[in-house]
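Have a look at the structure below before the remarks.
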Protein chains: 2
Amino acid sequence: MDERVPRDFETLRATILERRQSLPKRIAQIAAYALDNPDDIAFGTAASIAASAGVQPSTLIRFAQQLGFDGFTSLQLVFRERLRERNSSYDERLAALRAKAEEGAGHRAIFDGFVAASSTSLNDISGRLNEDHFEDAIALLAKAETIYVLAKRRSYPVASYIAYALGKLKIRNQLIESAAGLNAEMISFASPRDAVIAISFSPYAPAAIEEARVISEQGVPIVAITDSSFSPLAQFAKVWFEVAEADFAGFRSLSATMALAMALTVAVGEKRRDAGRKRKA
Amino acid sequence: MDERVPRDFETLRATILERRQSLPKRIAQIAAYALDNPDDIAFGTAASIAASAGVQPSTLIRFAQQLGFDGFTSLQLVFRERLRERNSSYDERLAALRAKAEEGAGHRAIFDGFVAASSTSLNDISGRLNEDHFEDAIALLAKAETIYVLAKRRSYPVASYIAYALGKLKIRNQLIESAAGLNAEMISFASPRDAVIAISFSPYAPAAIEEARVISEQGVPIVAITDSSFSPLAQFAKVWFEVAEADFAGFRSLSATMALAMALTVAVGEKRRDAGRKRKA
DNA sequence: GGCAATATGAAATAATAATTCCAATCCATA
DNA sequence: TATGGATTGGAATTATTATTTCATATTGCC
């Protein structure tokens, strides 16, 4: 007990991670369990925790001792303290954030700001998603041969995630990228039997708008995700969604757009699976 | 024990308030204490709580019995459960949505699921961001000549957003992409005066890990965003963040990672501005 | 492959904590 | 103010739980 014993959870966590390599098998097992189920450690008895983790109570005590505690009980105190702090400070933290962000102080405030912006955006979209539009968009995309994904600059991350997800769902798709300068050719392959997911927010990237125009003139239906009815994207789209992302420090959140994009993608995948099943039956 | 015993904290609270008038003095005393210090009830022992409340342990037990519990222990369980639920209410909501989606309950459920997964992730990260690590990461990145951004597959959208934001903030950066197959060369330019933001989640893309290894061997400091202490990325990183993203329908949310990434980026921008101002003054 | 050091399992033991019991006190009512 | 019932305090008892111990197994090393 003369060594410096971790007194708060974060230190404890760090200590465990640091020593992980050198811990014996069973001790490592309980170490992993502790980090995964901190609540169980906080409330359980040595016997119950040991059983859940698949070890003997004595191992649990040895684990505590290796960390410098004099027994399981003192180790448990750290886990309990963590729960206490977490719950008591939540409301206070939220109030403090607003004040802090106002006076532009501290990096933590920046982080909290982005979290708040994301939460706000999610909260907002969950209340105003138009379900009819959503169904229309899914139907439209589900019958497409190839789904083209079109987005530039700020929206590009969303496009790349859609492309990734479509790929994982084995849905043919094409991300319209500008690297090789072959976008025009890529677009020219699109036919009315395909479909496009286009994403653009103010200030609308000119390239994205132009490509959307061209592709819609080829008769390819477009599902658009954009930020207002005045968006140039909306006029080219068969179906469009309005997503209002909150911003912080000059950067808008992408969380609502991401959530909508993922939902569209997965719903399309599901619809296709159902259609395939029906065709067989 | 045949009466209906309060099984959740809210019911218990209501019951206590209702009967408050008719309770004997000492019992009322412990009742007031319980509502004022629910955490103490959750964590303490009968003796310690009784002492804090200024009563005898036996009174505490009588109090529990008057409420219909068969002893202090069962009363305490309600207080403990309350602490647990505080943390897991989002999780439960998410679990309910997952179950719904499983049984094929409409496309709206899919959308709600992704929104819930994102909210959960944000909620989670806001409580467990390590501020010291955060500051370390900012300091490390702020003094880098070039910031390299490394992420593959699912994490790639985050990387592309970071690159976009760094660009807007006029911070020199290089996204390590695989399109042209020149990654090795790109990486070889990195020096210890640069820094890397690397992002990878289980199952870790082998290319990402390998590139992180090489670049760290060149002495370039790495800031990693990953999902567990067992991540191979963690071992190469100077600073690393654990982000637990909730998943839905097989796709994990990116919202927490995005929020952290944006906060890092903007904070680095701010730190550089401050440093520049100081130099001039 | 054999030996020492280390780790683990299981049961015995010690410690701690909950509960019960009974005498003392309080309080309302006659 | 006397009396019965309810309430309370505090110690005794019982239970639960943590810890220790020791025999057995495993691991690393020569």
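A, B, ... follow the sequence lines: proteins, then strands. Residue 1 opens every chain.
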Letter per nucleotide, 5' to 3', of nucleotides 6-14 of chain C [B base touched, S only sugar-phosphate touched, - untouched; heavy atoms, 4.0 Å]: -SBBB----

Under-4.0 Å side-chain N/O to phosphate OP1/OP2 contact, B:Q29 with D:dT8: no

Contact check, side chains of B:Y204 and B:L233, non-hydrogen atoms, under 4.5 Å: no

Spacing of A:Q65 atom CD relative to D:dA18 atom P, expressed in whole Å: 14 Å

Value in whole Å for how far the C1' atom of D:dT7 lies from CG of B:L60: 16 Å

B:L77 CG - C:dA18 C1' separation (whole Å): 13 Å

Integer-rounded Å distance: C:dA18 P and B:I30 CD1: 12 Å

Between C1' of D:dA18 and CD of A:Q76, the distance in whole Å: 10 Å

ring-ring contact (aromatic ring centres under 6.0 Å, His included) partners of A:F43, counting only residues at least two apart: B:F43

Interatomic distance, A:F72 CZ vs C:dA17 C1' [rounded to whole Å]: 15 Å

Rounded distance in Å - CZ (B:F63) to P (D:dT7): 15 Å

SB check A:R13 B:E242 (cutoff 4.0 Å): yes

Value rounded to 0.5 Å, distance of CD in B:E211 from CG in B:L150: 5.5 Å

Atom-pair distance (CD1 on B:I61; C1' on D:dT7), nearest Å: 15 Å

B:T257 side chain near B:E245 side chain, heavy-atom distance below 4.5 Å: yes

Output field: ring centroids A:Y164/B:Y156 closer than 6.0 Å: no

